[in-house]
There are 2 protein chains.
Amino acid sequence: MTEIDKIDRKILSILQGDGRIANVELAERIGLSPTSVGERLKRLQRDGFVEGYGARLNPHRLGLGLLVFVEVMLDKTTPDVFERFAKAIQTSPEVLECHMVAGGFDYLVKARVADMTAYRRFLGETLLALPGVRETRTYAVMEEVKRDAPLPVG
Amino acid sequence: MTEIDKIDRKILSILQGDGRIANVELAERIGLSPTSVGERLKRLQRDGFVEGYGARLNPHRLGLGLLVFVEVMLDKTTPDVFERFAKAIQTSPEVLECHMVAGGFDYLVKARVADMTAYRRFLGETLLALPGVRETRTYAVMEEVKRDAPLPVG
DNA sequence: ACTTTCTCCTGATTTTCTAAGGCAAAACTG
DNA sequence: CAGTTTTGCCTTAGAAAATCAGGAGAAAGT
């Protein structure tokens with residue numbers, strides 16, 4: 001039920017690289033009939049291995065030229081800070097990821113904006129406007145060495 | 001040639017959320033014929049707005065239960081450190097992202113591993129084994145508040 | 001006012017998806 | 001160990017979708 005074999009992994013691997021591949025071609029590459037591969041894929045989706053499909057967009061082409069990481073420290077004396085922070089983050093379109101971490105700070109935020117001007121506005125109007133935000137440290141990305149690599153399934 | 005209109009943005013937005021949507025259904029949602037939408041999409045791909053498609057896999061289901069961020073400081077006295085580091089990162093399957101940042105450290109690495117044991121092995125055998133790595137700081141993620149949100153295209 | 005280009009449409013052909021039915025090997029069960 | 005069930009795969013056929021060719025109408029440029 002929750003175990004997957006080598007063929008399943010190959011399906012996931014191919015699909016992670018090309019989510020729009022035709023089932024016929026996928027079956028050819030796997031070495032099974034389209035029907036079998038379709039059934040396996042259906043199972044992989046049902047069991048939660050595949051959560052969905054998406055187009056990979058080029059952020060620079062869309063005017064989002066600046067990638068930043070922000071370390072956020074919260075003021076733990078205020079109640080509900082964590083809930084309120086998490087909720088505000090969800091509705092913020094610039095924020096692509098947000099993780100609560102163990103270590104020197106509380107949250108690590110990954111955001112994409114047009115440029116430094118846009119970032120200053122984002123920092124002031126969104127992040128610092130939240131109650132309970134005590135301190136932030138911003139790291140601007142100069143070069144994306146590796147971007148959104150596929151998960152190792154093999 | 002490089003400008004996109006409201007319809008294009010809508011296509012990108014829908015496709016980012018569901019990369020496997022049938023062109024027929026996409027056209028219905030847009031309010032155009034399948035052919036027109038297909039032509040627009042082809043152009044968006046040709047002009048680099050769409051870089052590809054991929055299945056979104058559940059890392060936990062694949063045994064990758066631990067997400068970590070690592071700040072890496074390099075020893076700049078050695079020549080080629082940056083090139084060698086970048087190259088090694090590319091071939092490391094645990095590393096999902098790696099960015100050169102401006103600020104207190106040199107690289108920010110995002111990696112997924114099975115557990116702390118696996119992370120210790122990764123840290124020792126991959127990261128620290130690289131020549132020129134002076135210091136690392138690891139932040140283990142306790143909770144993923146927001147994961148891989150779509151880019152704001154609208 | 002004329003041409004060119006752009007965007008979209010319709011209709012026909014080809015490809016792909018999906019569902020039904022069957023076969024053989026493996027796993028259960030008494 | 002024999003009988004049954006389940007599982008995984010296959011082929012086939014009908015439905016759906018993608019793709020291509022051709023053309024109409026509006027906008028832009030000359």
Side-chain angles (χ1 to χ4, degrees), chain A residues 1-64 148 150-154, chain B residues 1-64 148 150-154:
Chain A
M1 203 254 203
T2 185
E3 298 138 30
I4 57 175
D5 62 15
K6 216 162 187 175
I7 296 177
D8 290 327
R9 288 182 187 278
K10 200 166 180 182
I11 291 175
L12 292 177
S13 177
I14 293 175
L15 235 36
Q16 199 176 12
D18 180 5
R20 268 210 147 178
I21 188 175
N23 192 42
V24 174
E25 196 191 327
L26 179 59
E28 270 172 25
R29 285 222 247 163
I30 297 291
L32 288 178
S33 76
T35 312
S36 291
V37 175
E39 282 168 3
R40 278 175 177 267
L41 180 51
K42 208 167 191 174
R43 174 172 50 79
L44 289 169
Q45 290 175 163
R46 178 173 45 76
D47 293 351
F49 291 94
V50 178
E51 295 183 334
Y53 302 87
R56 282 190 292 266
L57 306 186
N58 185 326
H60 295 91
R61 219 78 177 75
L62 292 165
L64 299 169
D148 272 313
L151 295 178
V153 294
Chain B
M1 202 254 205
T2 183
E3 299 137 28
I4 58 174
D5 62 15
K6 215 162 187 174
I7 297 178
D8 290 327
R9 288 182 188 279
K10 199 166 180 181
I11 292 175
L12 293 177
S13 176
I14 293 175
L15 234 36
Q16 198 176 13
D18 180 5
R20 268 210 148 177
I21 188 174
N23 193 41
V24 174
E25 195 191 330
L26 179 59
E28 272 172 24
R29 285 222 247 162
I30 298 290
L32 288 178
S33 76
T35 312
S36 290
V37 175
E39 282 168 3
R40 278 175 178 269
L41 181 52
K42 209 167 190 174
R43 174 173 49 79
L44 289 169
Q45 289 175 165
R46 177 172 46 76
D47 292 352
F49 292 94
V50 178
E51 294 184 335
Y53 302 86
R56 283 189 291 266
L57 306 187
N58 185 325
H60 295 91
R61 218 77 177 75
L62 291 165
L64 299 169
D148 272 314
L151 294 178
V153 294

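The chains referred to below are lettered A, B, ... by the order of the sequence lines, with proteins before strands, and numbering in each begins at 1. Values in this document were obtained by computation on a predicted structure and should not be read as measured data. The figures that follow rest on heavy atoms only: side chains count, while hydrogens, waters and symmetry mates do not.
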### Task
Name the residue closer to the 5' end of DNA chain D, choosing between A:Gly31 and A:Arg20 according to the nucleotide with the nearest heavy atom.
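Between the two, 5'-proximity favours A:Gly31.
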Would you mind reading off the distance between [X] atom [atom1] and [N] atom [atom2], rounded to a whole angstrom?
X	N	atom1	atom2	value
A:Arg29	C:dT16	CZ	P	14 Å
B:Leu26	D:dT19	CG	P	12 Å
B:Glu28	D:dA16	CD	P	13 Å
A:Ile21	C:dC17	CD1	P	10 Å
A:Asp5	D:dT7	CG	P	15 Å
B:Ile4	C:dC6	CD1	P	18 Å
A:Leu41	C:dT16	CG	P	16 Å
A:Ile7	D:dC10	CD1	C1'	14 Å

### Message
Let's see if you can work this out: which of D:dC9, D:dA18, C:dC8 has an atom nearest to the side-chain heavy atoms of B:Arg40?
### Response
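Side chain of B:Arg40 sits closest to C:dC8.
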### Message
Taking the minimum atom-to-atom distance to the side chain of A:Ser36, which one of C:dT10, D:dA18, D:dC9 wins?
### Response
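Comparing C:dT10, D:dA18, D:dC9 against the side chain of A:Ser36, the answer is D:dC9.
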### Query
Between the two end axes of the helix from C:dA1-D:dT30 to C:dG30-D:dC1, each built from 5 base pairs, what angle do you get to the nearest 10°?
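That helix has its two terminal axes inclined by roughly 40°.
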### Message
Tell me every residue that passes salt bridge (Lys or Arg N to Asp or Glu O under 4.0 Å) with A:Glu25, counting only those two or more places apart in sequence or in another chain.
### Response
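None.
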### Query
Considering residues at least two apart in sequence or located in another chain, which fulfil the salt bridge (Lys or Arg N to Asp or Glu O under 4.0 Å) criterion with A:Glu39?
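Residues passing salt bridge (Lys or Arg N to Asp or Glu O under 4.0 Å) with A:Glu39: none at all.
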### Query
Do A:Arg29 and A:Ile14 touch side chain to side chain, with heavy atoms closer than 4.5 Å?
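Yes. Closest side-chain heavy atoms under 4.5 Å.
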#### Entry: Side chains of B:Leu57 and A:Pro150 in contact at under 4.5 Å (non-hydrogen atoms)
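Side chain of B:Leu57 against side chain of A:Pro150, heavy atoms only: no contact under 4.5 Å found.
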Atom pair [atom1] ([X]) and [atom2] ([Y]), whose distance is rounded to the nearest 0.5 Å:
X	Y	atom1	atom2	value
A:Leu41	A:Ile30	CG	CD1	10.0 Å
B:Leu44	A:Asn58	CG	CG	12.0 Å
B:Leu12	B:Ile4	CG	CD1	5.5 Å

### Task
Any pair with a residue in residues 7-18 of chain B that passes side chain to side chain donor-acceptor pair (under 3.5 Å), sequence neighbours left out, goes on the list, sorted by first then second residue, please.
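For residues 7-18 of chain B: B:Asp8-B:Arg40, B:Asp8-B:Arg43.
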### Least distance between heavy atoms, B:Arg20 atom then A:Tyr53 atom
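Where B:Arg20 meets A:Tyr53 most closely, the heavy atoms are CG-CG, 3.6 Å.
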#### Entry: Heavy-atom closest contact (A:Ala27 atom, A:Ser33 atom, distance)
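The answer is CB-C, 3.7 Å.
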Check nucleotides 18-26 of chain C against the protein and report each pair of N or O atoms closer than 3.5 Å, with its distance, or say if there are none.
none

### Query
Within the distance-only criterion (no hydrogens, no angle test), does the side chain of B:Asp5 pair as donor or acceptor with the backbone N or O of B:Ile7 below 3.5 angstrom?
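Side chain of B:Asp5 to backbone of B:Ile7, a donor-acceptor pair under 3.5 Å: yes, one is there.
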Can you give me the N/O atom pairs linking the protein to nucleotides 27-29 of chain D at distances under 3.5 Å, or say none if there are none?
none

